Every structure is written in structure tokens, then in C-alpha cells.
Amino acid sequence: MKAERARAAAILQRLEKSIPDPETALAHNNPFQLLIATILSAQCTDVRVNQVTPVLFAQFPGPEDIAQANPEDLRDIIHSTGFYQNKTKNMIGCAKKLLEDYGSKVPDTIEALVSLPGVGRKTANVVLGSAFGQEAIVVDTHVRRVANRLKLTRSDDPVKIEADLAQVLPKKKWTSGAHRILLHGRYVCKARRPLCGECVLYDLCPAEKEKKAAK
DNA sequence: CTCCCGATAT
DNA sequence: ATATCAGGAG
């Protein structure tokens with residue numbers, strides 16, 4: 001365990017250099033907008049979400065506006081993010097629930113967040129970390145892949161991965177650390193063709209050693 | 001486990 | 001032309 005923490009610390013130290021400022025890529029001005037943007041980001045790139053949210057928020061800035069919106073209008077705006085039927089329903093349901101149960105404010109606990117339509121653990125942790133400044137480990141597909149390649153976890157279950165990372169990362173670095181791992185996965189340790197040649201973690205990566213051993 | 005869907009890399 | 005990417009709900 002102690003050795004694992006030291007390895008994780010070494011990994012983080014490299015990533016802090018290669019990714020100095022691990023901020024959310026999702027454009028937003030307040031917790032509500034981040035919540036909606038993150039709901040839209042399910043199975044969709046942040047780049048694409050950022051193409052639709054300015055249009056969406058110009059017309060529907062707050063929960064009141066989205067709760068009352070004509071679903072077709074919302075759907076047309078968010079169409080390109082995919083899964084637009086679900087996402088439209090979720091946005092409206094989510095806005096309504098915020099109005100009815102949370103005084104139009106985005107709640108700041110994982111339990112309350114996860115109770116909102118379209119909000120799972122990943123989305124909840126994004127909001128907790130980036131809107132409320134809590135230490136929250138976001139596990140998305142990138143974090144899952146990178147954490148497994150680095151052998152920081154052996155699990156495919158996001159909840160278990162989150163627990164494993166919580167063990168090995170200092171709490172002060174939960175949000176930034178997970179986000180750096182995420183970004184490293186998006187741009188370097190990619191799903192299809194990982195750029196091992198330009199990876200700052202090259203010598204710390206078990207996946208790389210396995211490849212060499214296989215030769 | 002299946003369904004929900006568009007965009008892009010190959 | 002099509003495989004792959006990217007979370008949540010039922």
C-alpha cells in the first residue's frame with residue numbers, strides 16, 4: 001500500500017508538469033450550467049457539448065427556463081450531442097426537480113445529485129469537484145482505462161476504481177489528480193492508439209513493461 | 001444486459 | 001463504409 005502510494009505520487013508529479021492546469025473542459029458560468037453541460041456530456045465529447053451549451057444557455061439560462069421549455073426546442077439545440085431524447089427528458093426532469101425539491105439550487109451532496117434524472121456518479125463528481133470545490137474523484141472511461149493501464153486499479157467498476165484511487169491519492173489531490181489522469185487519457189493514453197512515444201509516464205507504466213516482456 | 005444516438009477516426 | 005467513442009436508466 002505504501003509502495004503504491006509512492007508510485008501514485010510519482011505518477012502525479014509527472015502529470016502535474018505535463019498538465020499544469022487541469023480545469024474542466026466544459027464551458028459554464030455557474031453550478032447549474034455545469035450540471036446541464038455534464039448531463040449532455042454523457043457518451044459525448046466535451047468539445048461537442050461546448051458547441052451547443054452557449055446556444056442552449058442563451059435561450060434557457062436557468063432551471064426555470066429549462067423546466068418550462070418546449071422539449072422540441074431543447075432537443076433541436078442539443079441534437080448533436082446524441083441520445084437527445086433521453087437527454088432532453090433528463091434536463092427537463094432535472095430542472096423541475098431542482099425547482100421542486102432543492103429551491104432551484106444545485107445540491108452539493110453526492111446523494112442528492114445522483115437522485116436527479118440523468119445524473120450518475122460521474123456527473124455528480126464533476127459537479128462536486130468543479131462547481132463546489134469538494135475533493136471528488138471523477139471516474140469516466142478515460143480514468144478507467146488509464147488507471148487500469150497504470151495498474152492503479154484492477155477493476156472495471158467505476159465505484160471500485162474510485163475507491164482504489166482514493167486509497168492511493170492524497171485527498172487534497174483527488175479532484176485535480178483524477179482530472180489530470182482523465183486528460184492524460186484523452187490526449188496521450190488514448191483508447192485507440194496510445195501515444196506511448198510521447199508519454200511522460202512511459203517508464204512508470206506496467207503496460208509498457210508487459211509489452212517489452214512479450215517480445 | 002440492453003437501449004439510447006451523432007460524430008469522427010480508420 | 002463501419003468500428004469506435006463517450007454515461008445513465010430500466
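Letters go in sequence order (proteins before strands), and every chain restarts at 1. Remember, predicted model here, so these are calculated numbers, not experimental data. Worth knowing before you read on, the calculation uses all heavy atoms, side chains too, and leaves out hydrogens, waters and symmetry mates.
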I'd like the [atom1] distance from [M] over to [N], given in whole Å.
N      : M      : atom1 : answer
B/dC5  : C/dT2  : C1'   : 15 Å
C/dG10 : B/dG6  : C1'   : 23 Å
C/dA6  : B/dT10 : P     : 12 Å

Just how far, in rounded Å, is [atom2] of [N] from [atom1] of [X]?
X      : N      : atom1 : atom2 : result
A/N50  : B/dA7  : CG    : P     : 16 Å
A/K87  : B/dA7  : NZ    : P     : 11 Å
A/L40  : B/dC4  : CG    : C1'   : 14 Å
A/R121 : C/dA9  : CZ    : C1'   : 17 Å
A/I36  : C/dG8  : CD1   : P     : 14 Å
A/R145 : C/dG7  : CZ    : C1'   : 15 Å
A/K190 : B/dT10 : NZ    : C1'   : 12 Å
A/Q43  : B/dT8  : CD    : C1'   : 15 Å

On DNA chain B, check which nucleotide each of A/R193 and A/T81 is closest to and give me the residue with the more 5' one.
A/T81

If you check the [X] side chain, which of [options] turns out closest?
X      : options              : result
A/F83  : B/dT8, C/dA6, B/dC4  : B/dC4
A/H142 : C/dC5, C/dA6, B/dG6  : C/dA6
A/S80  : B/dA7, B/dT10, B/dC4 : B/dA7
A/K122 : C/dC5, C/dG8, B/dC5  : C/dG8
A/R192 : C/dG8, B/dC4, C/dA3  : C/dA3

Mind checking [X] for me? I need base, sugar-phosphate or nothing, with any heavy atom below 4.0 Å counting as a touch.
X      : value
A/D140 : sugar-phosphate
A/I78  : nothing
A/P158 : nothing

Could [X] and [Y] be called an ion pair, given the rule that one side-chain N must be under 4.0 Å from one carboxylate O?
X      : Y      : value
A/R121 : A/E162 : yes
A/R144 : A/D140 : no
A/R14  : A/D203 : yes
A/E135 : A/K173 : no

Taking only side-chain N and O atoms of [X], does any of them lie within less than 4.0 angstrom of OP1 or OP2 on [N]?
X      : N     : answer
A/T123 : C/dG8 : yes
A/Y84  : B/dC4 : no
A/R48  : B/dT8 : yes
A/T45  : C/dA6 : no

Look at atom CD of A/Q13 and say whether more than 12 heavy atoms of other residues, nucleotides or ligands are closer to it than 6.0 Å.
no

Using atom types as modelled and distance alone, determine if a side-chain donor or acceptor of A/N148 lies under 3.5 Å from a backbone N or O of A/S155.
yes

Here's a test of your reading of the structure: between A/G120 and A/A191, which maps to the more 5' nucleotide of DNA chain C?
A/A191

